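Computed from a prediction, not measured in an experiment: that's the story for all the values here. Chain letters run A, B, ... following the sequence lines, proteins first and then strands; every chain starts at 1.
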There are 2 protein chains.
Amino acid sequence: MTQDVTRGFESPRDRLRAEGLRVTAPRLAALEWLADHPHSTAEQVAAGVRERLGAVSTQAVYDVLNTCTRASLIRRIEPAGHPARYETRTGDNHHHLVCRRCGRTEDVDCAVGAAPCLEPSNVDGFAVDEAEVVFWGLCPDCRYGGQPGSSHRPEVTRSAVRT
Amino acid sequence: MTQDVTRGFESPRDRLRAEGLRVTAPRLAALEWLADHPHSTAEQVAAGVRERLGAVSTQAVYDVLNTCTRASLIRRIEPAGHPARYETRTGDNHHHLVCRRCGRTEDVDCAVGAAPCLEPSNVDGFAVDEAEVVFWGLCPDCRYGGQPGSSHRPEVTRSAVRT
DNA sequence: TCACTTTCTTGACTGATTCCAGAAAACATG
DNA sequence: CATGTTTTCTGGAATCAGTCAAGAAAGTGA
């Protein structure tokens with residue numbers, strides 16, 4: 001059982017209802033899967049959903065994920081060079097730690113206090129509504145272990161900025 | 001001529017040489033284009049390169065961009081949901097302001113002083129080497145103007161936003 | 001239960017980018 | 001300025017993640 005910020009208050013079913021969304025088996029399965037497996041890719045969610053329900057179309061999964069994202073029931077993060085990942089922890093200002101090599105993603109709470117990095121609220125005429133922070137690096141497995149799974153193409157980013 | 005941080009010191013030709021890369025027409029054209037049109041997409045770079053050189057394959061452009069990115073001559077940014085963009089300003093820790101709607105991208109210097117948001121250097125066993133910050137919002141055109149859709153041009157940006 | 005929506009299925013399709021094999025060009029030499 | 005390596009470019013096919021479309025199926029309110 002994951003201890004998620006937004007979980008425990010309401011069941012997936014109630015949360016769907018609260019947003020005026022229909023309660024369907026694929027939606028429940030996807031939300032439940034994500035509650036226990038945060039940062040899953042669409043493909044992983046699809047696998048998890050099929051594990052419980054049997055055949056479910058890929059399109060249905062994307063639809064569920066998009067609908068729930070739009071309703072803020074889940075949050076989508078799209079690390080450059082990796083497929084999108086989803087999580088149920090929404091509404092708080094937390095950021096992510098992503099492995100350049102395998103895409104593994106972990107949560108990082110705001111390092112510099114409450115709302116860091118969200119200084120510029122109206123720069124150059126832009127109406128800024130979100131500050132996204134991604135920490136890039138290598139996860140333990142990719143640092144030490146040799147080949148973690150499939151062949152990931154050589155990562156291109158090597159900026160290594162360390163202000 | 002744009003006054004870019006990394007430009008003015010060395011010409012594109014010298015910068016290629018300094019990295020041990022061959023000096024080819026497509027590379028020069030791409031680097032020059034980017035110096036004057038920061039945050040261009042691969043497609044825009046291709047168009048700019050073809051403007052000077054005539055026919056150049058798409059693959060050549062991607063190759064040039066990848067090679068130069070790997071050599072840190074340019075930096076690639078990949079805003080979620082938008083094609084990757086490239087810029088010649090490398091080596092300093094500046095971040096980006098991206099329009100949710102049209103993808104227009106602007107530079108933002110660190111808002112919170114020197115090293116904002118780059119607190120965690122070794123979290124959870126990860127070896128963090130870069131903190132990427134993206135401010136999401138709507139650009140002036142998309143806020144007020146109706147349909148920016150078609151006018152999705154290179155959007156020659158005025159860089160160096162000071163906060 | 002019935003009608004009315006919304007959602008799911010199937011399958012084709014897109015856009016951005018990469019892979020492949022061979023032709024062409026760059027550049028350190030002789 | 002020829003020559004031979006080595007690296008890069010061409011052209012086309014392929015991949016990957018994700019979307020679009022039309023009709024069938026299921027959830028919901030009366």
Side-chain angles (χ1 to χ4, degrees), chain A residues 12-31 40-47 49-50 52-71 73-74 76-86 102-103 149-157, chain B residues 12-14 16-31 40-47 49-50 52-71 73-74 76-86 102-103 149 152:
Chain A
R13 159 170 262 111
D14 290 338
R15 299 178 63 209
L16 283 169
R17 281 248 163 70
E19 291 296 329
L21 296 176
R22 295 197 170 169
V23 177
T24 68
R27 287 179 178 175
L28 288 177
L31 289 177
S40 293
T41 62
E43 194 183 357
Q44 288 164 346
V45 173
V49 168
R50 288 181 186 126
R52 315 191 182 195
L53 305 181
V56 174
S57 71
T58 301
Q59 179 56 36
V61 174
Y62 275 107
D63 195 17
V64 165
L65 293 174
N66 284 334
T67 301
C68 291
T69 300
R70 219 172 291 124
L73 289 183
I74 61 181
R76 148 197 269 153
I77 51 191
E78 300 178 52
H82 298 278
R85 283 158 185 270
Y86 299 85
C102 70
S150 54
S151 54
H152 276 283
R153 66 201 136 78
E155 283 311 327
V156 174
T157 340
Chain B
R13 160 171 263 110
D14 291 338
L16 283 168
R17 281 246 164 71
E19 291 295 331
L21 296 176
R22 296 204 168 163
V23 177
T24 68
R27 287 179 178 176
L28 287 177
L31 288 176
S40 292
T41 61
E43 193 184 357
Q44 288 162 351
V45 173
V49 168
R50 288 181 185 125
R52 319 195 177 194
L53 305 180
V56 174
S57 72
T58 301
Q59 178 56 36
V61 174
Y62 275 104
D63 196 16
V64 165
L65 293 174
N66 283 334
T67 301
C68 292
T69 301
R70 218 172 289 124
L73 290 182
I74 61 180
R76 148 196 268 155
I77 51 189
E78 301 178 53
H82 298 278
R85 283 157 186 270
Y86 300 85
C102 69
H152 191 203

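Looking at the side chain of B:Ala60, the nearest of the listed nucleotides C:dC8, C:dA16, D:dC9 is D:dC9. When the nucleotides C:dT7, D:dT8, D:dA17 are ranked by their closest atom to the side chain of A:Arg22, C:dT7 comes out on top.
D:dT7 atom P lies 16 Å from atom CG of B:Leu16, rounded to whole Å. The CD atom of A:Glu43 sits 10 Å away from the P atom of D:dG18 (whole-angstrom rounding). The separation between B:Asp63 atom CG and C:dA24 atom P is 18 Å, rounded to whole Å. Atom-to-atom, CZ of A:Arg50 to C1' of C:dC8 comes out at 12 Å; the value is rounded to the nearest Å. Look at CD1 on A:Ile77: it is 16 Å from P on D:dA17, rounded to the nearest Å. To the nearest angstrom, C1' of C:dT17 lies 15 Å from NE2 of A:His82. Straight-line distance from the CD atom of A:Glu78 to the C1' atom of C:dG15: 14 Å, rounded to whole Å. The separation between B:Leu21 atom CG and C:dA28 atom P is 13 Å, rounded to whole Å.
For the OP1/OP2 pair of C:dT17 and a distance below 4.0 Å, the side-chain nitrogens and oxygens of B:Tyr62 include at least one atom meeting the criterion. OP1 or OP2 of D:dG18 has not a single side-chain nitrogen or oxygen of A:Asn66 nearer than 4.0 Å.
Both A:Val56 and B:Gln59 lie close to DNA chain C; mapped to their nearest nucleotides by heavy-atom distance, the more 5′-ward contact belongs to A:Val56. Between B:Arg17 and A:Val61, the residue anchored closer to the 5' end of DNA chain C is A:Val61, taking for each the nucleotide with the nearest heavy atom.
The distance from atom CG of A:Asn66 to atom CD of A:Gln59, rounded to the nearest 0.5 Å, is 8.5 Å. In this structure, CG in B:Leu73 is found 11.5 Å from CG in B:Leu65, a value given to the nearest 0.5 Å. Within the model, atoms CD1 of B:Ile74 and CZ of B:Arg27 stand 10.5 Å from one another, a figure rounded to the nearest 0.5 Å.
Using a 4.0 Å heavy-atom distance criterion, A:Thr24 is classed as a sugar-phosphate-only contact. In this structure, B:Ala25 reaches neither bases nor backbone, as no heavy-atom distance under 4.0 Å exists between it and the strands shown.
Residue A:Ala84 comes nearest to A:Glu78 through the heavy atom pair CB-CG, 3.8 Å, listed as atom of the first residue, atom of the second, then distance.
Residues A:Ile77 and A:His82 are not in side-chain contact: their nearest non-hydrogen atoms beyond the backbone lie 4.5 Å or more apart.
A donor N or O paired with an acceptor N or O is not found under 3.5 Å between the base of D:dT8 and the side-chain atoms of B:Arg27.
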